[in-house]
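I have placed the structure first, in the form of structure tokens, so that the comments after it can refer back to it.
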Amino acid sequence: MDVDAFVAASDAYPIPTSPDGAPIRFSYGTAGFRTRGDVLASTVFRCGAVAAVRSAVTGRATGIVVTASHNPERDNGVKLVDCDGGMLPVAWERHAEALANAPGWDAMRAAIATMRTPAEAHLPKHAHPPAHAADPPPPHVFLARDTRPTGPALAAAAKAGAEAIGASVTDLGLMTTPQLHYVVYASHRGWPSAEADYFARLARGFRRMVAGGTNDDDERRSIVVDCANGVGAAKLAALAEAIGQSSSDGCVLSMDLRNVAGESGSLNNSVGADYVQKEKRAPAHGSFETLGPSQRCVSVDGDADRLVYFRKKPDGSNENSVELFDGDKIAALVATRVADLLRRCAPLNAFDHPPLRVGVVQTAYANGASTAYITNVLGVECACANTGVKFLHPEAEKFDVGVYFEANGHGTAVFSDATIERIDAAIERVDAGADGGGRSSIEQCTDAVAALRELKAMTEAINPAVGDALSGILVVEAVLLAKGWGLTEWGNMYADLPSRQVKVTVLDRSVISVTNAERVAVTPAGMQAAIDQAVGRHGAHARAFARPSGTEDIVRVYAEAATEAGAAELAREVCGIVYDFAGGVGDRP
Ligand code: 16G
Ligand code: MG
């Protein structure tokens with residue numbers, strides 16, 4: 001590590017100042033730094049060094065993506081990928097923040113020295129031993145960016161920072177965030193990690209998942225995808241090609257890609273997963289208003305790490321309002337299929353000793369109806385984690401198969417290494433002619449083998465590192481095709497309780513602290529009791545909470561109740577309570 005060369009090179013990337021002359025302070029949000037793209041060069045340069053130091057400490061390649069996800073086009077940001085393909089350890093967020101804001105060479109040296117102390121290593125749980133443990137390889141960083149105009153210059157800054165401190169950098173150019181996570185994940189395991197390898201893997205998994213499909217209806221195979229005018233557009237086109245190539249009997253999935261242009265100002269502008277999920281409206285561009293209610297639509301966000309499905313409301317009451325199939329519905333669908341497949345595998349006796357633990361991980365935002373469905377109807381364990389992939393993913397890893405989704409569409413299914421070994425071993429036994437279950441009929445065994453192969457295929461069609469809109473689309477489509485389901489059947493799993501999500505502006509949102517997966521406010525004193533009283537007045541299905549946002553300077557309030565009016569009224573009451581107890585600004589809601 002050449003720390004001296006790095007600090008000297010940092011002079012070319014000075015920390016910008018605000019109009020009052022003070023240096024701008026950069027904070028590490030829920031998933032990295034994110035702010036206006038034109039002030040980020042110093043932060044991104046320094047994050048290049050964080051990724052390089054992390055690589056040196058772990059003895060493995062790390063990653064950095066220049067993106068601001070669903071934010072407007074003028075913003076940009078940086079997401080750091082740990083050596084196992086997951087999120088940067090939470091403990092390193094403050095190191096990154098210290099380096100980003102270090103006022104001079106000495107402070108920068110001190111921040112880097114802290115990162116390198118053994119007590120701060122926080123090696124990932126599943127780190128495969130470094131290939132050259134005795135003689136660690138030089139640090140290496142994979143770099144990618146989304147389609148923002150400030151992207152090329154900021155990616156160059158990240159590269160300069162990593163190289164100045166002595167890392168080599170592979171610049172992969174335009175990629176979705178989950179693609180870069182996969183590159184790091186795959187390289188960690190010594191797997192082929194090029195884009196073509198990843199897409200071929202997804203396509204193969206998808207094809208195999210639908211091999212026994214029952215649905216031949218053309219309409220049911222076609223989807224319209226809102227690409228948010230982001231990096232997902234070109235990547236989905238490439239993925240569609242890979243699916244076509246892997247298909248011997250014609251294309252089983254036709255994707256009509258919309259909002260692919262990427263003209264100036266169009267990124268995430270009233271389009272994309274964030275808009276559709278929060279507004280419960282169809283994208284404002286891409287001619288979605290002309291589609292009928294039977295057309296299955298999906299929206300991805302600016303860096304394609306989340307997805308929501310939707311369709312025009314069948315009653316056609318409001319032109320643009322949609323029926324949403326959010327992350328909760330996707331989790332329920334995927335968990336249902338996993339549970340079905342495991343049940344069908346029973347005659348093979350492959351997963352009984354010890355029994356596989358399947359679980360779903362949600363956040364406080366999960367609709368109460370989804371939690372009730374997963375727990376009571378599916379009979380699958382449901383855990384609740386703090387908001388943010390860095391909290392959900394590790395919870396999901398506690399299960400043998402952990403399905404996690406935030407309501408906003410971030411999520412994936414995590415099959416543990418041991419589970420995949422058990423699946424592979426069972427397939428080997430089947431291929432070798434051992435039927436497994438002595439008392440089962442041939443039909444049961446044939447069905448069990450088909451289920452086992454589909455389970456294996458799902459492990460290939462899903463991004464194992466992090467939630468990925470591209471692989472998410474394939475898995476949802478494969479499950480629908482395999483079950484012979486359309487949106488109506490999917491929607492019939494359960495009906496969402498009416499809910500509202502609103503923002504309250506307060507003087508200092510840090511006066512609110514929360515516990516119990518953000519569902520209970522500990523401070524300010526008395527606020528939770530007041531919220532509880534309000535909830536109590538709204539009947540059996542009422543639920544509400546308030547938590548400080550990790551990405552914006554606001555407090556988020558969520559409320560749900562048995563009726564639309566009840567949810568709206570409860571949300572309004574809780575906003576008033578937050579305003580009163582936490583120092584509301586402006587008019588009382
Ligand atoms: C980030 C998180 C997302 C979370 C959101 C919450 C990742 C990759 N992204 O976008 O999971 O839902 O922040 O924002 O972890 P909030 O704290 O402002 O509600
Ligand atoms: Mg995103």
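Here, residue 1 is the first one in the sequence, and each next residue gets the next number. Because only heavy atoms are used, hydrogens play no part in the values below, and waters and symmetry mates are left out as well, while side chains stay in. Numbering of ligands and ligand atoms starts at 1, following listing order.
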Should [X] and [Y] count as an ion pair when the cut-off is N to O under 4.0 Å?
X: Arg588; Y: Asp580; value: yes
X: Glu460; Y: Arg201; value: no
X: Lys235; Y: Asp468; value: no
X: Asp274; Y: Arg306; value: yes

I need the nearest protein heavy-atom contact for [atom]: residue, atom name and distance, please.
atom: atom 9 (N) of ligand 1; value: His410 NE2, 3.5 Å
atom: atom 15 (O) of ligand 1; value: Val389 N, 3.0 Å
atom: atom 7 (C) of ligand 1; value: Ala31 CB, 3.5 Å
atom: atom 10 (O) of ligand 1; value: Arg34 NH2, 4.0 Å

* Min heavy-atom dist His70 to ligand 1 below 4.0 Å -> no
Just let me know how [X] lines up against ligand 1, side chain, backbone, both or neither, with a heavy-atom cut-off below 4.0 Å.
X: Asn408; answer: side chain
X: Thr387; answer: side chain
X: Thr551; answer: both
X: Ser549; answer: both

* To do: Kindly write out the residues that satisfy salt bridge (charged side-chain N to carboxylate O under 4.0 Å, His left out) with Asp553, not counting sequence neighbours, or none if the list is empty.
  => Arg509
* Best match, Glu406, His181, His393, Gln501: closest heavy atom to atom 11 (O) of ligand 1 -> Glu406
* Which atoms of the protein, restricted to N, O or S, are nearer than 2.8 Å to the Mg ion (ligand 2)? -> Ser69 OG, Asp301 OD2, Asp303 OD1, Asp305 OD1
* Would you check whether Met87 has a nitrogen or oxygen atom less than 3.5 angstrom from a nitrogen or oxygen atom of ligand 1? => no
* **Sub-3.5 Å N/O-N/O distance, Tyr365 and ligand 1** => no
* To do: Among Trp490, Phe288, Phe325, Tyr275, find the residue that satisfies the ring-ring contact (aromatic ring centres under 6.0 Å, His included) test when tested with Phe310.
  => Phe288
